[in-house]
Structures are given as structure tokens and as C-alpha cells.
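Note that the coordinates shown come from a computational prediction; the quantities given were computed from them, not determined experimentally.
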Amino acid sequence: MMVALDGTIVAIANPAIAKDLHASISDVQWIANAYFLALAVSLITAGKLGDRFGHRQTFLIGVTGFAAASGAIGLSHSLAAVVTFRVFQGLFGALLMPAALGLLRATFPAERLNMAIGIWGMVIGASTAAGPVLGGVLVEHVNWQSVFFINVPVGALALVLGLLILLDHRAEKAPRSFDLLGIALLSGAMFCLVWALIKAPAWGWGDGRTWGFLVASVLLFALFAYWETRTAEPLIPLGLFRSVPLSAGVVLMVLMAIAFMGGLFFVTFYLQNVHGMSPIDAGLHLLPLTGMMIVASPLAGAAITKVGPRIPLAGGMIATAVAMYGMSTLKVDTGSGVMSIWFGLLGLGLAPVMVGATEVIVGNAPMELSGVAGGLQQAAMQIGGSLGTAVLGAVMASKVDADLAGNWARAGLPPLTPAQLGQASQAVQIGVAPVSKEMPAAIIPKVTAVAHDTFISGMSLASLVAAGVAVVAVLVALFTKRGVNAGAGAGVGHI
């Protein structure tokens with residue numbers, strides 16, 4: 001819950017942090033980027049640590065470190081300190097996530113594993129969607145530091161319960177050494193890829209820096225793959241990917257995250273900047289999505305146990321595609337009831353995918369690689385979310401750039417210089433009307449109408465692209481099947 005919550009809750013606190021610490025918006029972006037980079041780059045290596053030393057120990061260290069780093073952020077008085085401790089949050093969060101999946105895999109027998117992963121998926125989904133609501137309440141009624149301090153008692157409780165309840169499971173074939181060069185190559189490749197995706201909206205997809213990092217990522221991934229075939233005990237045995245269901249599960253997780261994270265990115269702007277809602281109201285309007293994920297995730301786990309993952313996964317992505325198509329029809333004056341239908345359907349579609357794809361990835365990996373498999377699952381989700389935000393953001397930007405000048409002229413507004421048009425386009429891409437104090441009051445409603453209509457056209461196209469990604473994911477889901485190693489968990493290697 002802490003790791004997923006921190007992925008979205010902090011965005012609400014950023015304006016307050018910027019004001020209190022006298023930081024620019026570009027500086028504050030490092031608060032999110034530092035956390036995300038550290039998390040994404042470290043996940044697979046952290047999973048390997050769990051396989052080597054035991055997932056219980058790794059989980060408890062992750063919980064303690066994450067809570068401590070959160071408390072340190074709340075006590076920080078400079079942006080540099082906040083960013084530094086956000087890096088530590090990401091590193092300790094990377095220890096938590098694969099270890100949690102490794103513990104579930106080792107503890108539950110095959111017939112109960114999907115239900116356990118269903119409850120895990122419910123917590124992840126609900127925490128991700130609830131972040132803006134909780135963040136809005138804390139920032140508005142307490143302070144921005146409370147967004148981080150809240151992890152301290154939660155982490156302390158998790159540590160106590162973990163020490164009392166969790167059992168240490170070690171696989172008989174657990175790795176005995178570390179592939180240090182493999183870790184370096186994979187970390188470098190992941191960093192270059194994620195950094196390119198983070199910076200692409202600012203640099204531009206045609207910029208040499210974007211392509212430089214992407215090419216470097218490809219080269220490092222190629223070197224990593226070559227080295228993994230040469231070393232005695234690789235970080236990721238490439239034979240894992242001979243399992244078609246496991247590979248399909250990884251691809252499916254990426255596609256799901258592209259559609260979900262990318263689509264949700266624009267919905268928050270739509271609710272707050274177009275409909276004029278407060279962060280709390282916007283979060284409340286997303287409750288159908290959160291509530292449906294809470295209800296549907298355990299049910300999806302039970303259904304997957306009964307009929308296997310293929311039908312629930314394909315059905316979930318069909319529902320996601322329909323929901324994203326429905327979101328492409330939203331207008332400036334769309335009512336809460338219609339929005340709730342599409343948000344609820346999106347939650348219903350995502351639940352079986354979160355549960356089923358996780359089971360397919362972790363269940364099709366050998367027991368001694370359950371941590372690496374958990375890291376793969378989480379890395380796929382993080383990369384997919386970043387890719388969705390970057391690609392759909394580029395779709396939005398291109399549509400706004402193409403439509404804004406024409407819409408502006410047709411509304412009879414005073415012409416803009418190229419520089420003014422560029423600034424206006426950047427504002428419209430997040431649903432903000434480019435009005436100023438010097439602007440005559442009579443034309444402000446026209447400018448607002450043009451901005452919101454242009455934003456809606458961009459969001460509609462981005463939602464249609466997300467729906468197309470979900471349709472591709474339906475086909476990928478057909479290649480999944482129940483984990484062949486899922487039964488090799490519970491009762492093995494208690495220490």
C-alpha cells in the first residue's frame with residue numbers, strides 16, 4: 001500500500017512543497033522522477049536479493065527503510081534533501097514489492113494463490129487510485145509533510161506484524177552468488193529507457209537527447225542479454241522467456257499499464273481543470289474506479305482459480321477497451337453519472353488483469369526465481385505506466401498543436417504570435433485556459449471555451465489510442481495460461 005500510494009499521493013502535494021521550499025515547478029518534478037527512477041531501475045535486482053537472502057528479510061528491511069525515508073522527507077527543509085530521500089524511498093520500495101509477491105507465492109498453495117494475489121491487487125489498485133483523494137485531504141487540512149509522515153505508523157505496524165506473522169521460505173535452489181555485471185548493465189539499460197520516457201515530453205520525441213538515451217538503452221539491453229548467456233549464475237536466466245505464458249504476462253502488464261496510467265493521467269486534468277473540481281472532489285469522482293477494483297480483484301482471483309487466467313484476462317482487457325472508448329466520448333459538460341459508468345467499467349476491467357497477469361508471471365517462474373519474477377511484473381507495470389504517459393502525452397500534444405490555432409481563429413479571438421501560441425498550447429494540454437490579468441473580460445469566456453474544447457479533442461484521441469492498446473492486449477491474453485510451477489510454493493523450505 002505504501003509504495004503504490006506514494007506513486008500518486010505526492011503529486012497533490014507538489015504545489016505546496018514548491019511554495020514552502022521556494023522551488024520551481026521543473027525542480028519539483030524531480031520529487032516524482034527521483035522516486036520513479038530509483039524504483040524502476042532497482043526492482044529486478046531487489047527481487048534477486050529476495051531470492052538470495054529470503055523474502056521475509058528483504059520485505060522487513062524494505063518496510064523499515066521506506067518508513068524511515070518517508071519520515072526523513074517530512075523533516076526536510078530543502079528540495080535537495082527531499083529529492084535525496086525520495087531516491088531512498090524508491091530503493092526501499094523496490095525491496096518491498098517483489099518480496100511481497102515472493103512471500104505470497106511461497107506461502108499459499110496453488111488453489112489459494114489467485115485469491116491471495118487478488119487481495120494484493122485490490123490493495124495496489126485501491127492505493128494507486130486513492131492517492132489523489134488522501135493527498136488532497138492531508139495537504140488541505142494538515143500540511144504537505146503529513147503526506148510522508150503517514151507512512152511512519154503504517155510502516156511500524158507492518159514491521160511488527162511482519163516479525164510476528166511472516167514465515168521465512170527459502171527455495172532449495174536459491175541463488176548463491178550475484179551477477180554484478182548483469183546488475184550494472186540492466187540498471188543502466190533501465191535508467192536510460194525510463195529517463196528517455198520521462199524527458200521525452202519536454203525534449204520532444206525527435207530530439208537527439210531522447211533518441212540518444214533510447215539507443216543507449218537498446219545497446220545496454222543487448223549487452224545484458226549477451227552477458228546473461230555467458231555467466232554461470234545470471235541475474236535473469238533468459239530461459240525464463242521460453243515460457244510463452246510468462247512472456248505474454250509481461251507484455252500484457254506493460255499494455256495494461258499503458259492504457260490505465262496513460263488514460264488516468266488525463267482524467268485528473270479533465271476533472272480539475274475542465275470541470276473545476278478540487279483535488280478532493282476529483283478523487284471522489286474516481287471512487288467508482290477504486291471501488292470496483294476493491295470489489296472485483298478478489299472475485300477475479302476466484303474466477304481465475306476456477307477457469308484459468310485466459311478468459312478473465314481477455315474479458316478484462318475487452319472491458320478496459322470499452323471503458324477507454326467511453327472516455328473518448330466525454331465532453332466539457334458530461335455529468336457525473338456518465339463519468340461514473342466509464343470509470344467503474346475501467347476498474348472492473350483492470351482487476352482481473354492485475355491479478356491474472358501477476359499470477360501468470362510469478363506462477364510460471366521456478367520457485368527459486370519468484371523474486372525476479374515479481375520484479376519483472378513490477379518493472380513491466382512501471383515501464384508501461386511511464387510509456388503510457390509519454391506516448392499518450394505526445395498524442396495529446398500533437399492534437400492540441402494541430403487544432404488550437406484553427407479553433408482560436410474560428411472563435412474570432414485576437415491572433416497570437418508563434419511564441420504565444422506555443423505557450424497557449426502547453427497550457428491547453430493540461431486543460432488550463434491561457435488567460436491573463438491583462439486580457440479583456442469579454443473574451444475570457446471565449447478563450448476558456450476554446451481551450452477546453454481543444455483539450456477534449458486531444459483527450460478523446462489519446463483515449464482512443466489507449467483503447468487500441470487494450471484491444472492488442474486482448475490478443476496477447478490468449479497466449480496466457482495457468483502457472484505450471486504455482487503448486488511448488490506453500491510448505492517448501494520453512495526456516
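- With contacts defined as side-chain heavy-atom distances shorter than 4.5 Å, the pair Val82/Trp144 qualifies.
- The minimum heavy-atom distance linking Met354 with Met253 is given by the pair O-CE, 4.2 Å.
- Scanning both residues, Gly118 and Ser297, for their nearest heavy atoms gives O-CB, 3.1 Å.
- Partners of Leu39 according to the side-chain contact (heavy atoms from CB on, under 4.5 Å) rule, which considers only residues two or more places apart in sequence or in another chain, are Val3, Tyr35, Leu43, Ala94, Gln382.
- In this structure, the side chain of Lys48 does not engage the main chain of Ile236 through any donor-acceptor pair within 3.5 Å.
- Within the structure, salt bridge (Lys or Arg N to Asp or Glu O under 4.0 Å) contacts touching residues 74-90 (residues at least two apart or in different chains) are Asp6-Arg86.
- Of all the heavy atoms in Pro245 and Val360, the pair that sits closest is O-CG1, 3.0 Å.
- Of the possible donor and acceptor atoms, one in the side chain of Thr229 sits under 3.5 Å from a partner among the backbone N and O of Tyr226.
- For the pair Arg310 (side chain) and Leu478 (backbone), a donor-acceptor distance under 3.5 Å is present.
- The two atoms that bring Leu392 and Ile258 nearest to each other are CD1-O, 4.0 Å, heavy atoms only.
- Sorted pairs that involve residues 250-269 and meet salt bridge (Lys or Arg N to Asp or Glu O under 4.0 Å), not counting sequence neighbours, are lacking altogether.
- Applying side chain to side chain contact (heavy atoms under 4.5 Å, CB included) to Leu255 and the options Val469, Val250, Val471 leaves one that passes, Val469.
- Taking the side chain as every heavy atom from C-beta outward, Val465 and Met324 never approach each other to under 4.5 Å.
- The closest donor-acceptor contact from the side chain of Thr210 to the backbone of Gly206 lies at 3.5 Å or more, if one exists at all.
- In this structure a side-chain-to-backbone donor-acceptor pair under 3.5 Å is missing from Ser217 to Phe213.
- By the 4.5 Å heavy-atom criterion applied to side chains, Ile17 and Val147 are not counted as neighbours.
- Counting heavy atoms from C-beta on, the side chains of Phe221 and Leu186 come closer than 4.5 Å.
- Within the 4.5 Å cutoff, the side chain of Ser146 has heavy atoms near those of the Asn143 side chain.
- When side chains are defined from C-beta on, Leu346 counts as touching Met327, because their heavy atoms get closer than 4.5 Å.
- By the ring-ring contact (aromatic ring centres under 6.0 Å, His included) test, Phe269 is found to be paired with Phe265, residues two or more places apart in sequence or in another chain being considered.
- Crowding of Phe88 atom CZ: a count of heavy atoms from other residues, nucleotides or ligands under 6.0 Å not exceeding 12.
- For the atom pair CG (Leu60) and CG (Leu95), the distance works out to 11.0 Å, reported to the nearest 0.5 Å.
- Ser247 places no side-chain N or O within donor-acceptor distance of the main-chain N or O of Val244, the cut-off being under 3.5 Å.
- A salt bridge (Lys or Arg N to Asp or Glu O under 4.0 Å) check over residues 55-82, counting only residues at least two apart or in different chains, returns nothing.
- Within the 3.5 Å criterion, the main-chain N or O of Ser42 finds no donor-acceptor partner in the side chain of Thr45.
- Under the 3.5 Å distance criterion, the side-chain polar atoms of Thr231 are left unmatched by any main-chain donor or acceptor of Trp227.
- Between Gln378 and Met97 the shortest heavy-atom distance is OE1-CE, 3.1 Å.
- The salt bridge (Lys or Arg N to Asp or Glu O under 4.0 Å) search around Arg112 returns none, not counting sequence neighbours.
- Residues Ile294 and Pro298 share a closest heavy-atom pair of O-CD, 3.2 Å.
- Contact check for Phe85 versus Leu75: no side-chain heavy atoms found under the 4.5 Å cut-off.
- For Phe479, the CZ atom sits in a loose shell: 12 or fewer heavy atoms of surrounding residues, nucleotides or ligands are nearer than 6.0 Å.
- A donor-acceptor pair is defined here as one N or O able to donate and one able to accept, closer than 3.5 Å; no such pair exists between the side chain of Thr107 and the backbone of Leu104.
- With contacts defined as side-chain heavy-atom distances shorter than 4.5 Å, the pair Met190/Ile383 qualifies.
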